[in-house]
Undergrad: 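Before we start, here is the structure in question, set down as structure tokens.
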Amino acid sequence: MLDPKIIREDPELVRQSLVNRGFDLTYFERFLEIDNRWRALIDEGNRLKAQRNKCAQEIPKLGEEEKRKLIGEMRTLSERVQQIESEEVSIEKERDEILQNIPNIPHVSVPVGSSDADDVIVRYSSEVRKFDFKPLSHWELGERLDIIDFERGTKIAMSGFYVLKGLGARLERALINFMLDLHLKQGYKEIFPTVLINEKSCFGTGQLPKMKEDMYHIEADNLFLNPTAEVPVTNLHSDEILSIDQLPILYDAYLPSFRREAGKHIETKGIGRVHQFNKVELVKFVVPETSMDHLESLLKNAEEVVQLLGLPYRIKLLCTGDLGFHSAKTYDIEAHAPGMDQWLEVSSCSNFLDFQARRAMIKFRRAPHLKSEFVHTLNGSGIALPRTMISVMENYQTRDGLIEIPAILRNYMGGIERIE
RNA sequence: GCUGAGGUAGCCAAGUCCGGACUACGGCGCCAGCCUUGAGAGCUGGUGGUGCUCGUCACCACGGGAGUUCGAAUCUCCCCCUCAGCGCCA
């Protein structure tokens with residue numbers, strides 16, 4: 001959520017940011033209109049309430065006659081207060097809705113563009129791997145080696161789910177442990193949050209109300225299956241005022257994530273887009289003026305994962321038209337999948353500035369006597385498992401259809417060197 | 001799941017039966033000032049949010065919501081959470 005003061009005080013900045021993102025201006029113009037009315041109403045309401053409060057204190061001190069008269073007057077006044085309040089409530093509801101539909105302002109360093117075609121490739125790691133045979137896709141490899149079972153995933157759950165078996169399951173576990181150990185060395189504190197999260201947390205990070213259709217919902221208890229550890233981990237500090245010496249806070253978390261992908265046809269074969277996947281997530285809470293530097297180090301921390309795995313990758317700086325709603329600046333890390341001949345997004349590292357913190361009410365104080373301010377939050381995948389698995393399987397395949405285990409993972413797999 | 005006790009400011013906690021000087025008692029912590037060579041003690045003030053006319057301003061905030069009332073921390077209804085005991089259970 002944007003600071004309403006920014007929209008009020010510098011509407012031109014917000015207007016330009018919406019144009020750059022390719023958003024239409026309806027909500028924005030409506031905000032300006034409604035915000036004025038909202039403030040006028042608050043003002044009038046407060047005036048009347050002040051009078052009511054004052055008279056309510058006078059009444060017990062008065063004689064019978066005067067008392068009866070004043071109570072009569074107050075009854076009328078109270079009715080007006082109620083009218084104003086109910087109008088306030090409805091305007092406030094609309095105002096909040098509008099605010100929730102205005103995206104974050106892209107940082108000045110974000111390139112202006114209309115779609116992912118305008119994203120800027122910041123760097124390539126190396127050449128993609130060249131094969132002297134036709135590389136197989138991970139689903140072909142997975143089925144041949146009996147380490148990915150799509151049919152049985154569908155049987156026990158539904159289509160879009162899969163089961164890892166044998167060394168496939170073990171490779172997944174090795175990847176998770178490797179990532180967690182790496183992030184520990186990078187200075188992150190490991191968190192293992194809840195898989196089920198409540199409605200309030202989903203609002204806090206902005207999954208609700210916009211992405212409701214994309215989440216699995218447990219009706220009996222009104223809980224949601226975690227769509228990304230960003231939600232529970234960021235909300236660890238919701239409604240808190242942190243002290244400055246706690247910052248920066250760096251968390252990493254391994255957690256299964258669930259997405260209904262409603263409305264999206266899961267056409268891609270394989271495990272590139274599935275309903276349940278593992279992910280290691282990095283989350284930071286930082287002092288505002290340091291957040292852009294923290295974005296760079298966050299990216300480096302995630303990048304190190306693909307580097308150490310020896311995967312060909314590239315870094316993209318998303319343009320205004322491709323930037324996520326809540327983000328002010330985002331880098332994507334894409335690993336190459338030679339079997340599919342595609343670049344796969346394995347990580348998305350974003351700086352949200354105070355956009356999330358304002359919603360989740362995460363504040364800090366520079367000194368005990370100073371006013372609290374919103375922290376800046378950042379997060380990035382460190383990294384998403386299925387697509388990493390794809391890139392590992394397809395890059396490390398051999399001519400005879402086996403998969404070499406990347407050197408860095410062998411210790412995590414009891415010294416096993418290949419899947420055969 | 002059942003029964004009971006609770007939820008008041010950063011923390012502890014009075015007030016709730018019986019609505020009105022609650023401007024939410026008191027304490028702890030923290031901040032500022034005074035005092036002091038310094039520290040401590042002591043004293044004074046401050047210690048959540050929003051709005052604007054930026055003030056010794058106004059409004060809001062006693063788990064959340066709705067209601068009754070001129071007036072609600074206090075009364076009524078609904079919901080949430082915590083703790084204890086019992087039950088069930090990996």
Side-chain angles (χ1 to χ4, degrees), chain A residues 1-10 31-100 192-204 208-209 217-224 232 235-247 249 256 285 354 357-375:
Chain A
M1 194 165 82
L2 274 188
D3 184 352
K5 277 192 196 125
I6 290 189
I7 312 179
R8 212 179 279 151
E9 285 162 18
D10 196 353
F31 176 86
L32 295 180
E33 211 178 294
I34 212 176
D35 183 54
N36 272 328
R37 267 181 66 207
W38 177 75
R39 283 186 298 164
L41 267 180
I42 293 280
D43 198 54
E44 194 188 345
N46 283 354
R47 237 186 275 274
L48 291 173
K49 281 182 207 164
Q51 198 187 339
R52 184 181 67 181
N53 289 345
K54 204 170 149 202
C55 291
Q57 278 181 13
E58 292 300 318
I59 282 175
K61 298 176 196 160
L62 298 175
E64 275 310 308
E65 190 69 14
E66 288 169 299
K67 195 184 271 186
R68 201 172 310 118
K69 196 174 148 226
L70 193 55
I71 285 179
E73 282 172 28
M74 285 303 105
R75 192 170 289 150
T76 323
L77 189 135
S78 252
E79 271 166 27
R80 273 189 66 204
V81 169
Q82 265 183 3
Q83 276 169 20
I84 287 172
E85 271 185 338
S86 75
E87 199 181 340
E88 253 175 54
V89 166
S90 79
I91 288 202
E92 208 164 281
K93 203 177 147 211
E94 190 183 349
R95 182 176 177 267
D96 285 352
E97 230 175 270
I98 290 169
L99 273 175
Q100 282 165 20
F192 187 67
T194 62
V195 174
L196 290 174
I197 44 183
N198 63 28
E199 206 171 12
K200 190 177 176 225
S201 297
C202 296
F203 272 102
L208 285 178
H217 183 219
I218 313 286
E219 218 166 300
D221 293 300
N222 195 23
L223 291 169
F224 296 83
N235 278 290
L236 287 178
H237 294 296
S238 62
D239 292 317
E240 287 185 17
I241 299 178
L242 304 163
S243 76
I244 187 143
D245 41 275
Q246 285 176 271
L247 299 175
I249 294 174
F285 304 81
D354 62 356
R358 173 164 284 107
R359 230 164 155 188
M361 288 293 287
I362 309 170
K363 300 183 151 191
F364 79 105
R365 241 190 268 278
R366 290 180 193 271
H369 59 287
L370 292 177
K371 207 171 151 66
S372 60
E373 302 169 49
F374 291 106
V375 300

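Note on naming: letters A, B, ... go to the chains in the order of the sequence lines (proteins, then strands), and numbering restarts at 1 for each one. Note that these values count all heavy atoms, side chains included, but never hydrogens, waters or copies made by symmetry. On a predicted model such as this, the values are computed, not experimentally measured, just so you know.
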Undergrad: Using the P atom as the reference point in each nucleotide, state the distance between B:rC80 and B:rA41 in Å, no decimals.
TA: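 About 47 Å, rounded to a whole number of Å.
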
Undergrad: Reading RNA chain B from 5' onward, which residue's closest nucleotide shows up sooner: A:I59 or A:A50?
TA: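 This one resolves to A:A50.
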
Undergrad: Starting at the 5' end of RNA chain B and moving along, which residue's nearest nucleotide shows up first, A:I241 or A:M74?
TA: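 Looking at the nearest nucleotide for each, A:I241 comes out on the 5' side.
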
Undergrad: Charged N to carboxylate O under 4.0 angstrom, A:E58 versus A:K67?
TA: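 Salt bridge: no.
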
Undergrad: Any chance you could measure A:D43, atom CG, to A:R47, atom CZ, to the nearest 0.5 Å?
TA: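 CZ of A:R47 is found 4.5 Å from CG of A:D43.
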
Undergrad: Give me the distance, rounded to whole Å, that separates B:rG55 from B:rU50 when you measure between the C1' atoms they each carry.
TA: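 Looking at atom C1' only, B:rG55 and B:rU50 are 16 Å apart.
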
Undergrad: Could you tell me whether the side chains of A:W38 and A:E92 share a donor-acceptor contact shorter than 3.5 Å?
TA: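 The answer is yes; a qualifying pair exists.
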
Undergrad: Please report the distance separating the C1' of B:rG63 from the corresponding atom of B:rG6, rounded so that it comes out in whole Å.
TA: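 So the two C1' atoms sit 11 Å from each other.
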
Undergrad: Considering Watson-Crick and G-U wobble pairs with both distances under 3.5 Å, what does B:rC89 pair with?
TA: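 Pair assignment: B:rC89 / none.
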
Undergrad: My understanding is that a pair needs two contacts under 3.5 Å, Watson-Crick or G-U wobble. By that rule, which nucleotide pairs with B:rU23?
TA: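 Partner of B:rU23: none.
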
Undergrad: Is B:rC59 paired to anything, Watson-Crick or G-U wobble with both distances less than 3.5 Å, and if yes, which nucleotide?
TA: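 Paired with B:rG49.
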
Undergrad: Paired with B:rC83 by Watson-Crick or G-U wobble geometry, both distances under 3.5 Å: which nucleotide is it?
TA: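 In the structure as shown, B:rC83 has B:rG4 as its Watson-Crick or wobble partner.
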
Undergrad: Could you give the distance separating B:rG71 and B:rA21 at their P atoms, to the nearest angstrom?
TA: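 Going atom to atom, P in each nucleotide, I get 16 Å.
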
Undergrad: How far, in whole Å, is B:rA73 from B:rA14 if one measures between their C1' atoms?
TA: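 Rounded to whole Å, the distance is 12 Å.
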
Undergrad: Contact class for A:K54 vs. all strands (heavy atom < 4.0 Å): base, sugar-phosphate, or nothing?
TA: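 No contact.
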
Undergrad: Reading RNA chain B from 5' to 3', where do the contacts with chain A start and stop? Cut-off is 4.0 Å to heavy atoms.
TA: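 Contact boundaries, 5' end first: B:rG20 to B:rG71.
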
Undergrad: Need the pair for B:rG71. Rule: Watson-Crick or G-U wobble, both distances under 3.5 Å, any strand; none if unpaired.
TA: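 When the pairing criteria are applied, nothing turns out to pair with B:rG71, so the answer is none.
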
Undergrad: If I take atom CG from residue A:D354 and atom CE from residue A:M1, how far apart are they, to the nearest 0.5 angstrom?
TA: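 The CG atom of A:D354 sits 9.5 Å away from the CE atom of A:M1.
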
Undergrad: Nearest heavy-atom pair of A:E199 and A:L208: which atoms, and what distance?
TA: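 Shortest heavy-atom contact: CG-CD1, 3.7 Å.
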
Undergrad: Distance check, C1' atoms only: B:rC62 and B:rG19, in whole angstrom units.
TA: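 After rounding to an integer number of Å, I get 15 Å for this pair.
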
Undergrad: Assign A:R68 to base, sugar-phosphate, or nothing according to its heavy-atom contacts below 4.0 angstrom with the strands shown.
TA: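 Touches nothing.
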
Undergrad: State the CG-SG distance between A:L70 and A:C55, to the nearest 0.5 angstrom.
TA: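 Atom-to-atom, A:L70:CG and A:C55:SG are 5.0 Å apart.
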
Undergrad: With both distances under 3.5 Å as the test, what is the Watson-Crick or G-U wobble partner of B:rA9?
TA: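 Pairing partner: none.
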
Undergrad: Taking atom C1' in both B:rG7 and B:rU74, what distance in whole Å separates the two?
TA: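 B:rG7 and B:rU74 have their C1' atoms separated by 15 Å.
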
Undergrad: Determine the contact category for A:K200: base if any of its heavy atoms lies under 4.0 Å from a base atom, sugar-phosphate if only primed atoms, P, OP1 or OP2 are that close, otherwise nothing.
TA: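 No contact.
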
Undergrad: In whole Å, measure the gap between the C1' atoms of B:rC25 and B:rU36 for me.
TA: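 It comes out at 33 Å once rounded to the nearest Å.
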
Undergrad: Find the partner of B:rA32: check Watson-Crick (N1-N3 plus N6-O4 or O6-N4) and G-U wobble (N1-O2, O6-N3) distances, both under 3.5 Å, and reply none if neither fits.
TA: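 Because both required distances fall under 3.5 Å, B:rA32 counts as paired with B:rU44.
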
Undergrad: With the threshold set at 4.0 Å, does a side-chain nitrogen-carboxylate oxygen contact exist between A:E44 and A:K49?
TA: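 No salt bridge links A:E44 with A:K49.
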
Undergrad: When you look at CZ of A:R365, are more than 12 heavy atoms from neighbouring residues, nucleotides or ligands closer to it than 6.0 Å?
TA: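 Yes, CZ of A:R365 has more than 12 neighbouring heavy atoms, counting only those of other groups under 6.0 Å.
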
Undergrad: So what does A:E73 touch, heavy atoms closer than 4.0 Å: a base, only the sugar-phosphate, or nothing?
TA: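 The answer is nothing, as A:E73 stays clear of every strand by at least 4.0 Å.
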
